[in-house]
Amino acid sequence: MAACATALARSLLAALLAPALVALLASPAWGRGGRDHGDWDVDRRLPPLPPREDGPRVARFVTHVSDWGSLATISTIEEVRGRPFADIVSISDGPPGEGTGEPYMYLSPLQQAVNDLQENPEATLTMSLAQTVYCRNHGFDPQSPLCVHIMMSGTVIKVNETEEGYARSSLFVRHPEMKHWPSSHKWFFAKLKISNIWVLDYFGGPKVVTPEEYFNVTLQDKETGPLFNKQGLPPSPEGTAAFV
């Protein structure tokens, strides 16, 4: 009798949990943008890499398809005070296909990096195509220059009221979980005010790109039009457009 009751209870529990499990398997991950919100981990959604000899275009490409980066600050932790200290930050330079090149961040005073920045706002942000399908598809190790990463140095600043709305929409469309982070953590929007850029995309050392060259790049192709449509997809199945 007890065995029958146990079996019945298990069957009832399975019936109750099944819809929730199906929803979890069928829905995009809550923590990332998921489908149509900048998830570049699908082959057809990742545009082709611009020509490697064009450092500014490669830099804008990497920034635009990056969901996160490594932010290095000068530590205020007593044990390592004055030494480099790196942490992961979620970033976005704009909605898919509409990036400005500005790497926006959503930060809290409770983060160690913010404590460091309050004492010294200088920082370096590194982003890599290792976070996309690009390097896996080509068999490139994340450390290989062929995997493509960029390094930006500058000053982390809070965005002003005029820019805050764009920073909010840019981050929340790619990182919807941010909308639910506790307000008690006093989150604020910030960006890296870029002063120097290095692009490592081939052997022989990094290319130096000026901020002026970087921001002069657009997300349009002179002949074929936009690189992305509003869903973040390449404009054609072949995805032959490139940054200009």
OG/Ser153 to CG/Asn196 distance, rounded to the nearest 0.5 angstrom? 3.5 Å
Roughly how far, to the nearest 0.5 Å, is the OG atom of Ser92 from the CH2 atom of Trp68? 15.0 Å
Heavy atoms only: give me the nearest Ser70-Ala86 pair and the separation to one decimal. OG-CB, 3.7 Å
Shortest non-hydrogen contact from Met178 to Ser90? CE-CB, 3.6 Å
Check this for me, if you would: do Arg174 and Asp93 make a salt bridge, where the nitrogen-to-carboxylate-oxygen distance has to be below 4.0 angstrom? yes
hydrophobic_cluster_shared for Val58 and Phe140, side chain cutoff 4.5 Å: yes
Nearest 0.5 Å please: distance from the CD atom of Glu119 over to the CZ atom of Arg81. 4.5 Å
State, with a plain yes or no, whether a side-chain heavy atom of Arg52 is found less than 4.5 Å away from one of Leu146. yes
Test side chain to side chain contact (heavy atoms under 4.5 Å, CB included) on Met105 and Val156; report intermediate values, then the result. CA-CA 9 Å; Met105 297 166 270; Val156 177; 4.2 Å; yes
What class does the angle between the rings of Trp181 and Trp187 fall in, given that below 30° is parallel, 30 to 60° is tilted and above 60° is perpendicular? tilted
Please confirm whether Phe188 and Tyr106 have ring centers closer than 6.0 angstrom. no
How about Tyr202: does its OH atom have over 12 heavy atoms from other parts shown lying under 6.0 Å from it? no
Would you call Pro211 and Ser195 a side-chain contact if the rule is heavy atoms closer than 4.5 Å? no
Any donor-acceptor pair under 3.5 Å linking the side chain of Glu98 with the backbone of Pro95? no
Gln112-Thr73 side chain donor-acceptor pair, cut-off 3.5 Å: no
Are Leu129 and Leu46 close enough that some pair of their side-chain heavy atoms sits under 4.5 Å apart? no
Between Ile91 and Val65, is there shared hydrophobic-cluster membership here, with clusters defined by ILVMFWY side-chain heavy atoms closer than 4.5 Å? yes
Would Phe189 and Leu107 count as a side chain to side chain contact (heavy atoms under 4.5 Å, CB included) here? Give the steps. CA-CA 6 Å; Phe189 297 96; Leu107 303 177; over 6 Å; no
Under 3.5 Å: donor-acceptor pair, side chain of Gln131, backbone of Asp67: yes
Does NZ or CZ of Arg60 fall inside the cone over Tyr214's six-membered ring, less than 6.0 Å from its centre and within 45° of the axis? yes
Count I, L, V, M, F, W, Y as connected when their side-chain heavy atoms are under 4.5 Å apart, and connections chain through other members. Are Phe172 and Tyr104 then in the same cluster? yes
Interatomic distance, NE2@His175 vs NZ@Lys179, rounded to 0.5 Å, equals 12.0 Å
Heavy-atom closest pair (Ile197 atom, Met152 atom, distance to 0.1 Å) is CG1-CG, 4.2 Å
Which atom of Ile194 lies closest to which atom of Pro103, heavy atoms considered: CD1-CD, 4.0 Å
Hey, are the side chains of Phe85 and Ile74 touching, using non-hydrogen atoms and a 4.5 Å cut-off? no
Under 4.0 Å between a side-chain nitrogen and a carboxylate oxygen: does that hold for Lys191 and Glu163? yes
Within the 3.5 Å criterion, strictly below it, is a donor on Asp116 or Thr76 matched to an acceptor on the partner's side chain? yes
Pair Lys193 + Glu122, salt bridge at N-O below 4.0 Å: no
State the OG1-CD1 distance between Thr126 and Ile150, to the nearest 0.5 angstrom. 8.5 Å
What's the separation between atom CD in Gln111 and atom CG in Leu71, rounded to the nearest 0.5 Å? 9.5 Å
In one Ile/Leu/Val/Met/Phe/Trp/Tyr side-chain cluster, 4.5 Å: Leu117, Val89: yes
Going only through I, L, V, M, F, W and Y residues with side-chain contacts under 4.5 Å, is there a path from Ile88 to Val62? no
Just say parallel, tilted or perpendicular for the rings of Tyr134 and His138, cut-offs at 30° and 60°. tilted
Over all atoms of both residues, closest heavy-atom pair of Val114 and Ser108: CG2-O, 3.1 Å
Minimum heavy-atom separation for Pro48 and Phe61, please, with both atom names. O-CE1, 3.3 Å
